[in-house]
Amino acid sequence: MNIFQLVRDHVSAALERMRDMNELPRDTDFSNIATEPPRDPAHGDVTTNAALALAKKAGMKPRDLAERLAGLLAGHPDIAQVEVAGPGFLNMRLDDAVWPRLLQAVLEAGEDFGRSAIGRGRKVNVEYVSANPTGPMHVGHVRGAVFGDALAALLEFTGHAVTREYYINDAGAQVEVLARSAYLRYREALGEDIGDIPPGLYPGDYLKPVGRALAEKYGPALLDRPEAEWLPLVRDVAIAAMMELIRADLAALGITHEVFFSERTLHDEGRIEAALKELEERGLVYVGRLPPPKGKPPEDWEDREQLLFRATQFGDDSDRPLKKSDGSYTYFAADVAYLHDKIGRGYDQLVYVLGADHGGYAKRLEAVNAALSEGRVRLVVRLCQLVRLFRGGQPVKMSKRAGEFVTLREVVDEVGPDVTRFMMLTRKNDAPLDFDFEKVREQSRDNPVFYVQYAHARICSVLRAAEREVAADELRGPADFSRLGDAAERALVRRIAAFPRLLEQAAAAHEPHRVAFWLLELAGDFHALWNKGKEFPHLRFIVADDPELMRTRLAFLRAIRYCLANGLSILGVRAVDEM
RNA sequence: GGUCCCGUAGCUCAGCCGGAUAGAGCACCGGAUUCCUAAUCCGGGGGUCGCAGGUUCGAAUCCUGCCGGGACCGCCA
């Protein structure tokens, strides 16, 4: 149950009546009117800008239109009071009977409360992580991984058919470097002293097991063969091993992708040619020269003719090369083919979760999408900014060149998946985020994860206490939500009422962090009510002399618990029963 | 040179497809514990929403320019 949708239906019905009576033009469009919570609770429960939005079209003054609309809405049983305010807002107070219905609906829906169908089953592909298969995941990947996963869950909860996808960059120079690095470990496994790992190769110990596996599989057979022969063999083993590593890292964070898509299949199966052919047929591929990049000394710039995609025709800043000087395809060409493949799979929406350093990629992806899908498919690029690691306020030093980076596994092992996930969503994705290993384990108000989980645990604690201390027959029987009249209780009810709308808007904006902020607010409302019970014992949940009131409050607690649990579940964070 | 992101209270940040007197936490000051976990809560002070224009009945929000911070900029992925 969504009270804003409920009121919106009533407002729409009233407007339709006005249209039927020719008080509004036939072609009046109601789609841009909003029913929202007013900023100031003194303004009521729901406000609408309908009169302001339609005044011009109706040829009426906003306040006159608002008065007319107020008259039509006033009689509705759900609406207790309606007032015209300010320039022409309609402030409505809902009838007291609406709130019990809402709480009842929460209890009936349970883990499905907040679920909606606004996605209308549209097929959405969310591609996230897509880390190169050259080693274990490091902390830089964590934010995009969590963001993408939470976004996927949010879209699913709001009625989208979601595919979680990972693009494996298993073609190109980096995996050849991986193969050479693994080959060295292979020689090492066969007893050779390989000394220091030469610069340019991956030095990590994680390749040692790969070397041993190769030694076991091939024995010394690869030792005296030319690189052209052993490289493909070693590469395949190494990539498979790295993907196992990465899957395990992701599993530690509770992340599972449905599709792992190999870039190499695009090369091997002629699908790049097929995609480029389609661009060619539209006259979007040509051979030409690009101007050198400005502002940067073009050290190794070589002016040459190359195969280009006419990206500028779709708003990109430059046309984009499809072939390298050695004649092989660029990464971008593979990306064209990959996008082509996704479009072919019938998605309505393609979401790319990328690191902020890929910001320049958005425009060219949009250009390719515009060219290939001709506007049928919506492409959404979300960039995740950096995470800065701290320990007790001191920055954690990392040197990429020396291979000293904090791995995903180190973070998860130290603070746990729940803390990791929640913290990654406490900032909107395009703002940088500070993560302090010590702070996030504190059990205090400063730690948002704790604060929300503690609210959930406290509720469970009360419910356990009730089971323990209250006679069973007093727990049975009806609840009467109309008895929740205290300001702190009403604040909680309003917060709960906002949940379905919040999820819809977070999904539409592709902003899962809003769920995290809402959870903090809900937890805050709950802790406030709890504490009020200390000062005013009649506000406690377990009230001995009034079984009906107690049952009401315990049911209320269960409703709040569902809200906390459902929100946490979208973020992929466990709701704990005790702490 | 160009593109993208950011600029809101002392600090860290929210601010819903433009909406009424701009919010929260931290910090600071002052309070609450015979209690279902005080691991919490209540109250108070504190803001020219970077600057200047524009659109609008109405702008922190949309547009343009400027200032400041960050990221990226053919043949790496």
Side-chain angles (χ1 to χ4, degrees), chain A residues 31-32 34 36-40 43 47 49 52-53 55-56 61-62 85-89 91 130-132 134 169 171-175 263 289-296 298 300-304 306 308 316-321 323-326 328 330-332 334-335 355-363 381 383 385-386 426-428 430-432 434 442-448 450-451 454-455 457-459 461-466 468-469 488 498 501-502 504-506 508-509 511 513-514 517 520-521 524 527-535 537 540-542 557 578-579:
Chain A
S31 63
N32 63 344
E36 310 171 305
R39 209 175 272 164
D40 184 348
H43 291 146
T47 184
N49 64 350
L52 289 161
K56 196 174 262 180
K61 287 181 187 165
F89 290 101
N91 291 335
S130 300
N132 290 332
T134 55
N169 297 127
Q174 293 218 2
V175 288
E263 178 189 359
R289 293 170 188 278
L290 282 179
K294 289 174 182 166
K296 218 174 106 179
D300 55 348
W301 177 265
E302 167 201 350
D303 188 30
R304 66 176 188 91
Q306 52 191 339
L308 296 165
D316 199 357
D317 314 306
S318 165
D319 288 341
R320 300 295 169 181
K323 275 191 179 177
K324 305 182 206 171
S325 47
D326 67 0
S328 65
T330 59
Y331 180 83
F332 174 67
D335 238 18
D357 54 342
H358 288 67
Y361 234 71
K363 278 193 179 181
V381 176
L383 302 176
Q385 275 291 348
L386 292 177
T426 52
R427 204 108 304 173
K428 74 184 158 201
D430 46 17
D434 292 348
E442 258 173 42
Q443 303 217 325
S444 76
R445 180 70 184 86
D446 290 354
N447 178 354
F450 164 78
Y451 189 69
Y454 184 40
R458 257 187 169 169
I459 289 172
S461 164
V462 181
L463 295 175
R464 280 194 303 267
R468 204 167 53 230
E469 293 162 16
R501 180 172 188 272
L502 172 107
E504 290 176 7
Q505 296 195 322
E511 291 186 348
H513 76 274
R514 293 191 197 183
F517 281 94
L520 283 165
E521 286 165 351
H527 288 305
L529 174 62
W530 173 284
N531 199 257
K532 215 167 169 181
K534 295 183 174 307
E535 201 178 344
R540 291 182 192 171
F541 303 104
I542 298 175
L557 284 179
E578 51 189 329
M579 304 189 73

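Computed from a prediction, not measured in an experiment: that's the story for all the values here. Letters go in sequence order (proteins before strands), and every chain restarts at 1.
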#### Entry: Nucleotide nearest A/Asp446 (side chain, heavy atoms from C-beta), chosen from B/C26, B/C76, B/C72
B/C26
### Message
Measuring only the C1' atom in each nucleotide, how far is B/A27 from B/G10? A whole number of Å is fine.
### Response
8 Å
### Query
Going 5' to 3' along nucleotides 9-24 of chain B, which nucleotides have protein heavy atoms under 4.0 Å from the base (write B), which only from the sugar-phosphate (write S), and which from neither (write -)?
---SSSSB--BB----
### Message
Applying a 4.0 Å non-hydrogen cut-off, can you work out what A/Tyr451 is touching in the nucleic acid: base, sugar-phosphate, or nothing?
### Response
sugar-phosphate
### Query
Taking all atoms of both residues into account, what is the closest heavy-atom pair of A/Gln174 and A/Thr134, and its distance?
O-CG2, 4.0 Å
### Summary
From the candidates B/U40, B/A77, B/C36, the one with an atom nearest any side-chain atom of A/Tyr331 is B/A77
### Task
For A/Lys363, report the nucleic acid contact type (base, sugar-phosphate, nothing); a contact means any heavy atom under 4.0 Å.
sugar-phosphate
### C1'-based separation of B/C13 from B/U55 [nearest Å]
30 Å
### Query
Using purine N1 to pyrimidine N3 plus N6-O4 or O6-N4 for Watson-Crick, or N1-O2 and O6-N3 for G-U wobble, both under 3.5 Å, which nucleotide pairs with B/G7?
B/C67
### Query
Say you pick atom P in B/C26 and the same atom in B/G44; how far apart are they, in whole Å?
15 Å
### Same-atom distance (P) from B/A71 to B/G31, integer angstrom
47 Å
### Query
When you measure from the side chain of A/Arg540, which nucleotide among B/C41, B/C36, B/C75 comes out closest?
B/C36
#### Entry: Heavy-atom donor-acceptor pair, A/Thr47 side chain to A/Pro38 backbone, under 3.5 Å
no
## Note on the structure
Closest to the side chain of A/Phe541, out of B/C36, B/A77, B/U37, is B/C36
### Message
Looking at B/C29, which nucleotide sits across from it as a Watson-Crick or G-U wobble partner, both distances under 3.5 angstrom, or is there none?
### Response
B/G43
### Distance-only donor-acceptor test (3.5 Å): side chain A/Asn531, base B/U40
yes
### Summary
Partner of B/G1 under the Watson-Crick or G-U wobble criteria, both distances under 3.5 Å, comes out as B/C73
### Task
Check whether any side-chain nitrogen or oxygen of A/Trp530 sits under 4.0 Å from OP1 or OP2 of B/A38, and answer yes or no.
yes
### Query
Paired with B/A38: which nucleotide, if any, by Watson-Crick or G-U wobble criteria at under 3.5 Å for both distances?
none
#### Entry: Distance between P atoms of B/C11 and B/C66 (Å, rounded)
27 Å
#### Entry: Side-chain donor or acceptor of A/Asn49 paired with backbone N/O of A/Ala34 under 3.5 Å
yes
## Note on the structure
If pairing means Watson-Crick or G-U wobble with both distances under 3.5 Å, then the partner of B/C49 is none
### Message
Treating A/His527 as the side-chain partner and A/Tyr451 as the backbone partner, does any N or O pair qualify as donor plus acceptor under 3.5 Å?
### Response
yes
### Message
What contact category does A/Ser444 fall into here, base, sugar-phosphate, or nothing, at under 4.0 angstrom with non-hydrogen atoms?
### Response
sugar-phosphate
### Query
On a whole-Å scale, what distance lies between the P atoms belonging to B/U34 and B/C28?
26 Å
### Phosphate contact (B/U34 OP1 or OP2) by A/Lys534 side-chain N/O below 4.0 Å
no
### Query
If we take the P atom in both B/C6 and B/U48, what is their distance in whole Å?
23 Å
### B/C63 and B/G19, which share atom name P, separated by this distance in whole Å
15 Å
### Task
Find the partner of B/C13: check Watson-Crick (N1-N3 plus N6-O4 or O6-N4) and G-U wobble (N1-O2, O6-N3) distances, both under 3.5 Å, and reply none if neither fits.
B/G23
### Task
Write down the partner of B/G58 under the Watson-Crick or G-U wobble criteria, each distance required to be under 3.5 Å.
none
### Message
Reading RNA chain B from 5' onward, which residue's closest nucleotide shows up sooner: A/Ser461 or A/Leu383?
### Response
A/Leu383
### Query
Just how far is it from atom OG of A/Ser318 to atom NZ of A/Lys363, taken to the nearest 0.5 Å?
11.0 Å
